[in-house]
J.: 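Okay, handing you the structure first.
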Number of protein chains: 2
Amino acid sequence: MRITVDRLSPVPLYFQVAEQLEQAIADGTLGAGERIANEIALAADLGLSRPTMRQAIQVLVDKGLLVRKRGVGTQVVSGRVHRPLELTSLYDDLSHAGQEQTTQVLALERRAPSDDVAAELGLPEDAEVWFLERLRSVAGEPLAHMRNHIPCSVIDLAGADLEHDGLYRLLRASGVVMRVARQRISARRADPAEARMLEEKRGAPLLTMERIAYDDAGRAVEYGVHAYRPDRYAFESTLVDR
Amino acid sequence: MRITVDRLSPVPLYFQVAEQLEQAIADGTLGAGERIANEIALAADLGLSRPTMRQAIQVLVDKGLLVRKRGVGTQVVSGRVHRPLELTSLYDDLSHAGQEQTTQVLALERRAPSDDVAAELGLPEDAEVWFLERLRSVAGEPLAHMRNHIPCSVIDLAGADLEHDGLYRLLRASGVVMRVARQRISARRADPAEARMLEEKRGAPLLTMERIAYDDAGRAVEYGVHAYRPDRYAFESTLVDR
DNA sequence: CAGTGGTCTAGACCACAAC
DNA sequence: TTGTGGTCTAGACCACTGC
C-alpha cells in the first residue's frame with residue numbers, strides 16, 4: 001500500500017490520492033472490511049493537510065467504496081464493486097464494455113414540441129426541437145429504442161452523423177457540458193411496432209427510462225424516452241446515505 | 001431571500017444554510033436559472049468562513065439543485081424538483097406520500113442461504129439467514145412482491161411484527177445503520193404465481209430491483225429481490241456529474 | 001481515557017470566463 | 001482586467017466510540 005503525490009501535476013492532490021486508494025481497493029491491496037489509517041496520520045504521511053486528505057477520502061465515500069464512522073475509523077465496504085450509474089449516454093456505456101454496436105437513425109427532424117415535451121424542457125410555445133429516433137443494437141441484436149428531444153437553441157443537428165456518434169458526444173463536442181440529469185425508470189408492455197423493432201414477442205416487457213439532462217448553466221438540454229430489452233440491459237447504481 | 005444561522009444550535013452551520021437555500025429554491029424565492037451571490041460575499045453576509053459556505057452550496061450541488069461554473073457563478077437548475085432516490089425502504093417512500101398501505105407476510109423463517117445469496121452477502125457456508133417474503137399493497141391494490149435475506153448475525157427477527165414495521169425501520173431500531181446500497185433495476189415477465197399475487201394478467205411486465213445494503217461498518221446486512229407493478233411504481237433519481 | 005471522524009476558521013494561490 | 005469557483009494550508013474545538 002504505497003501512495004505518492006506529484007505536486008507538479010495539474011491533477012488535484014485529493015484526486016491523485018483518491019485514484020490510488022480506489023486502485024488499492026480494486027486490486028485487493030485494501031480488502032473488504034479493512035480499516036485504513038486515520039486521516040491525520042495519512043495526511044502527515046503524504047505531506048498533505050488534513051482537509052485535503054479528507055477530501056480524497058470523501059470521494060470514495062461518495063462512490064460507496066468506503067464508510068466512515070466517528071470515533072472508530074474508515075473501512076472498506078464489502079462486496080464486489082459495481083460500475084456506478086453515471087451521467088453518460090448508453091453509447092458510452094457500451095463502448096466501455098467493449099461491445100460492437102450499431103445505431104440506426106429512424107428519424108431526425110425539426111418539429112414543434114408537443115405540450116408535454118415543451119413543459120419538460122421548459123421551452124416557450126414557439127420554440128422548436130430536434131426530434132431524434134434511433135434503434136441501437138449490440139452484436140447484431142437490438143437493444144434499445146430511443147426517442148430524444150433537443151431544443152434547437154442548444155445544437156444544430158442538421159447533417160449530424162448520429163449513426164456513428166453518440167448524442168452526448170455530439171453535445172459535448174459542441175460545447176454543451178452536461179451536469180445534472182433527472183430520470184425515471186419503470187416498465188411496460190411493448191407495443192406492436194416496438195416489439196417488431198426490438199425483435200421481441202407481442203406484449204413483451206420492456207424496461208423504460210425517461211430522462212431530462214441539464215447543462216452547467218442549469219438549462220434543460222435534452223429530454224429522452226428510451227425502451228430497453230430487459231434481458232439485455234439493466235440499470236445499476238450505488239446509493240450513499242450522507 | 002433571508003438566511004440566518006444559529007451558532008448555538010447543534011445543527012451544523014453548513015447544513016442550516018443548505019436547508020434554507022433549498023427552501024428558497026422550493027418555494028420559488030430563487031427561481032430557475034437564477035444566479036446566487038458568490039461564495040465569498042455569501043460567507044461574509046452570514047458571518048461564516050468561505051469553506052463552510054462552500055460546503056453548504058456543495059450539498060445542493062450534490063442534490064442536483066445548483067450548478068457551479070468556474071469564472072461564472074452558481075445558478076439554480078431549471079425544471080421542477082423530483083424527490084431523489086434515497087437509501088430508504090419502500091415503506092418509507094409510501095409513508096411519506098401519505099398513502100394508506102398494508103403488508104402481508106407470506107414467509108419468515110431461518111434457513112441456510114443458497115449459494116448465490118451467500119455469495120451476494122459474503123457469508124460463510126455455515127451461516128444462516130432470515131428469509132422474508134412479503135406482499136405490499138397500497139389503498140387495497142397490490143404493489144410489490146418482496147423477498148429479502150438478512151444474515152442472522154445482523155438481527156433476530158423471531159416474532160418481529162413485519163406487518164406493521166418496515167424492515168429498514170426494524171434494522172435501524174436494533175442499531176444497524178445503513179450507509180451504502182448497490183442495486184440493479186430491470187424488468188421481466190411475471191410468473192403465474194406472482195401474477196396472481198399482484199392481481200396482474202399472466203405474463204404481465206414487472207419492474208424488478210435487486211439490492212444489497214451495507215451498514216456503517218461496511219458489512220452486507222440485506223439482500224433483497226423485489227418485483228413491482230410498473231403501472232404503480234417507478235424509480236426516480238437525480239444524477240450529478242462531479 | 002485516548003483515538004477517531006465532524007465541523008469550522010482565516011487566510012492563500014490558482015485556473016477559467018467574461019468583458 | 002476583474003470576478004468567479006477550485007484547490008490547499010495549518011491549525012482549532014467538538015462529539016462520539018471503545019477501552
Side-chain angles (χ1 to χ4, degrees), chain A residues 5-19 21 34-62 65-77 175-177 179 215-219 240-242, chain B residues 5-19 21 34-62 65-77 175-177 179 215-219 240-242:
Chain A
V5 296
D6 173 8
R7 303 193 84 100
L8 298 180
S9 162
V11 178
L13 299 179
Y14 79 87
F15 195 83
Q16 294 181 36
V17 175
E19 272 186 321
L21 275 174
E34 199 164 332
R35 237 183 65 182
I36 67 175
N38 73 64
E39 302 174 347
I40 297 174
L42 276 174
D45 278 358
L46 298 175
L48 300 174
S49 67
R50 186 183 165 204
T52 300
M53 192 63 226
R54 267 185 74 77
Q55 196 177 358
I57 292 174
Q58 189 61 44
V59 171
L60 301 187
V61 170
D62 288 343
L65 297 177
L66 295 177
V67 286
R68 293 203 262 218
K69 208 164 151 191
R70 190 195 310 218
V72 178
T74 302
Q75 291 172 284
V76 179
V77 173
V176 176
V177 181
R179 270 284 177 273
D215 70 2
D216 59 1
R219 173 183 63 156
V240 177
D241 189 21
R242 337 180 69 217
Chain B
V5 295
D6 173 9
R7 303 194 84 101
L8 298 179
S9 161
V11 178
L13 300 179
Y14 79 88
F15 195 82
Q16 294 182 36
V17 175
E19 272 185 322
L21 274 175
E34 200 165 332
R35 236 183 65 182
I36 68 176
N38 72 64
E39 301 174 348
I40 298 173
L42 276 174
D45 278 358
L46 298 174
L48 301 173
S49 68
R50 186 183 164 204
T52 301
M53 192 61 225
R54 268 186 73 78
Q55 195 176 0
I57 292 174
Q58 189 60 43
V59 170
L60 301 187
V61 171
D62 289 343
L65 296 176
L66 295 177
V67 285
R68 292 203 263 216
K69 210 165 151 189
R70 189 194 313 219
V72 177
T74 302
Q75 292 173 285
V76 179
V77 172
V176 177
V177 181
R179 270 284 176 273
D215 69 1
D216 59 1
R219 172 183 62 155
V240 177
D241 189 22
R242 340 179 68 220

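Order of the sequence lines fixes the chain letters, A, B, ..., with proteins taken first and strands second; residue numbering starts at 1 for each chain. What you see below is based on every heavy atom in this structure, not just the backbone, and it leaves out hydrogens, waters and symmetry mates. Quantities reported herein were computed from a predicted structural model and do not represent experimental measurements.
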J.: With the side chain of Val72(B) defined as its heavy atoms from C-beta on, choose the nearest nucleotide among dT7(C), dG6(D), dA18(C).
T.: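 Closest of the options to the side chain of Val72(B): dA18(C).
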J.: Taking OP1 and OP2 of dG5(D), is either one under 4.0 Å from a side-chain nitrogen or oxygen of Thr74(B)?
T.: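 Yes, Thr74(B) has a side-chain N/O under 4.0 Å of OP1/OP2 on dG5(D).
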J.: Stepwise, does the side chain to side chain contact (heavy atoms under 4.5 Å, CB included) test hold for Val67(A) with Arg219(B)?
T.: CA-CA 10 Å; Val67(A) 286; Arg219(B) 172 183 62 155; over 6 Å; no
J.: Mind checking what makes side-chain contact (heavy atoms from CB on, under 4.5 Å) contact with Asp45(A), not counting sequence neighbours?
T.: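 Checked Asp45(A) against side-chain contact (heavy atoms from CB on, under 4.5 Å); zero matches.
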J.: How does protein reach along nucleotides 9-15 of chain C, written 5' to 3' as B (base within reach of a heavy atom under 4.0 Å), S (only sugar-phosphate), or - (no contact)?
T.: BB-B--B
J.: Report yes if a side-chain nitrogen or oxygen of Tyr14(B) is closer than 4.0 Å to either non-bridging phosphate oxygen (OP1 or OP2) of dC8(C); otherwise report no.
T.: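 No, because none of the side-chain N or O atoms of Tyr14(B) sits under 4.0 Å from OP1 or OP2 of dC8(C).
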J.: If you find the nucleotide of DNA chain D closest to Lys69(A) and the one closest to Pro12(A), which residue's nucleotide is nearer the 5' end?
T.: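 The answer here is Pro12(A).
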J.: Measure the distance from CG on Leu42(A) to C1' on dG3(C) and round it to the nearest whole Å.
T.: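 In whole Å, dG3(C) C1' lies 14 Å from Leu42(A) CG.
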J.: Check the distance between dG5(D)'s C1' and Leu60(B)'s CG and give it to me in whole angstrom.
T.: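 Rounded to the whole Å, the gap is 16 Å.
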J.: Mind calculating the distance between CD1 (Ile57(B)) and C1' (dG5(D)) to the nearest angstrom?
T.: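 To the nearest whole Å, that distance equals 9 Å.
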J.: Taking the side chain of Arg54(A) as heavy atoms from C-beta outward, which of dG6(D), dT7(D), dG6(C) is closest to it?
T.: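 Selected nucleotide: dG6(C).
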J.: Quickly work out the Leu8(A) CG to dC8(D) P distance and round it to whole Å.
T.: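 Whole-Å distance recorded here is 13 Å.
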J.: Asn38(B) side chain: which of dC8(C), dG6(D), dT4(D) is closest?
T.: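 Side chain of Asn38(B) sits closest to dT4(D).
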J.: Starting from C1' on dT7(C), measure out to CD on Glu39(A) and report it in whole angstrom.
T.: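 My rounded result for the distance is 11 Å.
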J.: Please figure out whether Ile36(B) or Phe15(A) has its closest DNA chain D nucleotide nearer the 5' end.
T.: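 It is Ile36(B), whose closest nucleotide lies nearer the 5' terminus.
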J.: Check step by step if side chain to side chain contact (heavy atoms under 4.5 Å, CB included) holds for Val59(B) and Tyr14(B).
T.: CA-CA 9 Å; Val59(B) 170; Tyr14(B) 79 88; 3.9 Å; yes
J.: Between atom CD1 in Ile40(B) and atom P in dG5(D), what is the gap in whole Å?
T.: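 My rounded result for the distance is 8 Å.
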J.: Quickly work out the Gln55(B) CD to dG5(D) P distance and round it to whole Å.
T.: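 Whole-Å distance recorded here is 16 Å.
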J.: Pairs of donor and acceptor atoms involving the side chains of residues 50-57 of chain B, under 3.5 Å and at least two apart or interchain, shall be tabulated with distances.
T.:
{"unit_1": "Arg50(B)", "atom_1": "NE", "unit_2": "Glu39(B)", "atom_2": "OE1", "d": "2.9"}
{"unit_1": "Arg50(B)", "atom_1": "NH2", "unit_2": "Glu39(B)", "atom_2": "OE1", "d": "3.0"}
{"unit_1": "Thr52(B)", "atom_1": "OG1", "unit_2": "Ser49(B)", "atom_2": "OG", "d": "3.1"}
{"unit_1": "Arg54(B)", "atom_1": "NH1", "unit_2": "Glu39(B)", "atom_2": "OE1", "d": "3.3"}
{"unit_1": "Arg54(B)", "atom_1": "NH1", "unit_2": "Glu39(B)", "atom_2": "OE2", "d": "2.9"}

J.: Going by the rule side-chain hydrogen bond (donor to acceptor under 3.5 Å, both in side chains), which residues pair with Arg35(B) if we only count those two or more places apart in sequence or in a different chain?
T.: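 Listed in chain order: nothing, the list is empty.
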J.: With sequence neighbours excluded, tell me which residues meet side-chain hydrogen bond (donor to acceptor under 3.5 Å, both in side chains) with Glu34(B).
T.: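 By the side-chain hydrogen bond (donor to acceptor under 3.5 Å, both in side chains) rule, Glu34(B) matches no residue at all.
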J.: Does Asp62(B) have any side-chain contact (heavy atoms from CB on, under 4.5 Å) partners at least two apart in sequence or in another chain, and if so, which?
T.: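 Scan of Asp62(B) (side-chain contact (heavy atoms from CB on, under 4.5 Å), adjacent residues dropped) gives Arg242(A), Gln58(B), Arg242(B).
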